[in-house]
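A quick write-up on the structure given underneath.
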Amino acid sequence: MINRYFLMLFMVCMTITAKLYAQACPENIGFENGNFQNWKLYTGTTSNTDNKNFVYSNEVAAPIIGRHTIISNKTATDPYGHFPLIPSGGGNFSVKLGDDGAGSQSEGISFLINVPSDRPDFTLTYQYAVVLEDPAHKPAEQPRFIARVKDVEKNEYIPCASFEYIATSSLPGFKRSDMSNLVIYKEWTPVTINLSGYQGKKLIVEFISADCTLSGHFGYAYVDVNNLCGDIIVGNTYCKSADQLTVSGPSGFKTYNWYNEDRTVKYASSQSAVIKPTPPEGSKILLDLIPFDGFGCPSTVFATVKSVNYQIEVVQKRIVCKDTEIDLTSTDYILNKTPDFTYLVYEDKDLTKEIKGLAKITEDKTYYLLATNYKGCESVAIIDLKVNNLAAITAKNPDPVCYTETVDITGNSLLTGDLTGITKSFFTDAAMLKPLADPAHVNKSGIYYIKLNNNTGCDAVVPVTVQISAKPLLKITNPAAVCFPSKVDITKPANFNGSDADFKYSFFADNNLSQPIADPKNIDKTGIYYVKAENAKGCVVSDKINVTINELPLLTINDPAAVCYPEKVDITNSVLYSGSSANVTYTYFYDAALTNKINNPKQIDKTGTYYTKITNSSGCFISDKINVVINPLPIIVLNQPAAIFDSEFIDLTSASIIQGSKGYAKVSYFQDAALLNPLSNPAKINKAGQYYIRLENDKGCSVSSSIELKILPTPKIIVPTAFTPQKATNNRLYPFLVSITKLTSFKVFNKWGILVYQTNDLDAGWDGRFRSKMQPLETFSWVAEGIDSFGGKFQSQGKTILIL
């Protein structure tokens, strides 16, 4: 099975290009250091002299921005040709010479190659891409790209290894840009330069870009040089077991023709040829190379068929310590190592996963060694490495413990595997620099390391993770104080905000947690209680919780004495609460729910039930009702009696006087507003004036009001008994009226009964004349009639003396 696999692998690898077999070129010739190390840089100008193009260059110490550019972005593309700036199959870097600015500028780079003296066959492969404006000038004036090789000893360029790409060149592959009809470009193209026969020589490789000589058009180029420099024909050396030969020629030629030594057999007309069966050892293979017109010289090269009978020999098996870093290409593992071959190590049979440098051995594993010489012969061998049995020892983590416990990691029960001859030491760090002082009593969580040593000198380290649970976090917020008879639920989650979420709680009356509380949801007594919290890991922590149940204040209410309207009651009077708790706050309400507060409890003006609330310093309160009685006054209605003359009497005690009054039980009569002077005989009043009547109900509430009595004098018509008509005063005879509202007639008669004067005008008066003649001194009679105050007729008569 293994032989079949080697045969298949050999056949595949024989088709690999020369890149696998070639010798490495000088350092950084392919710009793989990401810089211009070992290259020289130039800038200059280009001109046309006698229809010949000349490029003048001067060496510069550092790259000129925009003219010597290292490119590392593999996704970037050229703006005119849209091709990638780094060729497919090339390295990680390329170089851009020049830019799309004009000005007759030129840019150049050069590299000095020392061709090994033992390499008669030597090739150099590069790839280029060109972007040129084609203004249709004369050929000597056009933009261009130059690639050439100079023989330093002869100070001349090798004709067949030097090429000039002019904008008007007929070299196949140029395209017109879709960005500008004036721009042509050529995508990446490989070229192989045959430098065979220059062994031991110094050669300078140059690349130059140049604008047009008239300063108006640009030219620039991209260059990437392969890092492998091989024979001009690759694949002519084969291993003994091969049944065919695959050979390849250099890149960049127009025509390839392969022949046997006497040209009787033509093998192929392409860059590569598969020759089957394998030609005899020592025979020659001929290759005719025809370049593109103007780019090199036709030539015939040959290679001698050789075979190599080399089979890599390695150690079959070896036991190593785990994590050992070893060089599998050393003579410790390759028994017949030779400098003619290159050795590579892989971790897969398909040889795709190369191990560079030292291999770190972490497990039992098979490795694959590939030996290859630059002629193309290769051999594969297998090495099996087995890790010392210490690698099979594993450790399990000890069970987690609570913060009050420690962990012992010294016991063999934590280890699985063969512990025969094993010694152990314990550390706190993976570097094994800090020994663990007391591995039998680890009291801190973390990763600890057990170092195992056996008698063969191998050691291994197995980590164990110790989990010592931190003290659970129990945070208690004492429940808010309540007032009796309310109860406290000490199981509420709010009491434990900030505590670990996985706690299971239980509640006790004592610090020893031995007296469970029967009903922790209904604590009815002030005191200290205890909480036990156990988390999901079984770790326990406890603490106290304080419960406060405040007493209610004592409220004693003595209802205020009843009052009479409009008197008001002050329910804030401290006398009403004699016997209640001191140092409390009083508030007063209209309703038992204590929602409608009384704004002015000092002025209660309505009978009803009110409520007093007292609150002590703990915020506890109690309330009770207080009854207020404001008795109504009697309704007094006084009816005015008819006016009388003072010859009659008014009875104030008559029921008609207070008819309409209500709610009274007693009536009193007074002659003053202060009700201090009662009337002695209110039933017989014959004097006009203001009198006062008081009504009093059975509650002792009284109301009084005044009544005006109209008592008029007895009606009278008074006439003077004498008058003096001829004097200055008392010179007319008038009737004077008392309680008479209207004089209807006033008549005067002389002694003979003759009517001498008559009037109903109270203001006229008799002047003592009759028929314009003054009457004599004598006595006259008079008769007067009128209407009294109550509308009755009144008549009076008398005598008067006229005095002259």
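Counting from 1, the numbers follow the sequence of the chain as shown.
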Q) So, Ser110 and Tyr42: side-chain donor and acceptor under 3.5 Å apart, yes or no? A) yes

Q. Between Asn28 and Asn35, do the side chains contain an N or O donor and an N or O acceptor separated by less than 3.5 Å?
A. yes

Q | Residues Asp350 and Thr352: side-chain donor-acceptor under 3.5 angstrom | A | no

Q. Do the ring planes of Tyr505 and Phe496 sit parallel (below 30°), tilted (30 to 60°) or perpendicular (above 60°)?
A. parallel

Q) Can you check whether Ile312 reaches Phe341 side chain to side chain, under 4.5 Å on heavy atoms? A) no

(Q) With a 4.0 Å cut-off on N to O distance, would you call Glu206 and Arg148 a salt bridge? (A) yes

**Q.** Phe207 and Tyr126 aromatic ring geometry - parallel, tilted or perpendicular at 30°/60° bounds
**A.** perpendicular

Q. Is a salt bridge present between Glu325 and Lys360, judged by a nitrogen-to-oxygen distance below 4.0 Å?
A. no

Q) Just wondering, do Glu534 and Phe503 contact through their side chains at under 4.5 Å, heavy atoms? A) no

Q) Can Asp348 and Lys353 be counted as an ion pair, charged N to O under 4.0 angstrom? A) no

(Q) With heavy-atom distances below 4.5 Å as the criterion, would you say the side chains of Leu415 and Val462 are in contact? (A) yes

Q.
Tell me whether Glu347 is salt-bridged to Lys365, with the criterion being a basic N under 4.0 Å from an acidic carboxylate O.
A. yes

Q: Indicate whether any N or O donor in one side chain lies under 3.5 Å from an N or O acceptor in the other, for Asp78 and Tyr220.
A: yes

Q | Option among Lys96, Arg67, Glu107 that satisfies the side chain to side chain donor-acceptor pair (under 3.5 Å) test with Ser209 | A | Glu107

Q: State whether a side-chain donor-acceptor pair under 3.5 Å links Gln467 with Ser445.
A: no

Q.
Can you confirm whether the side chains of Thr278 and Gln244 place a donor and an acceptor under 3.5 Å from each other?
A. no

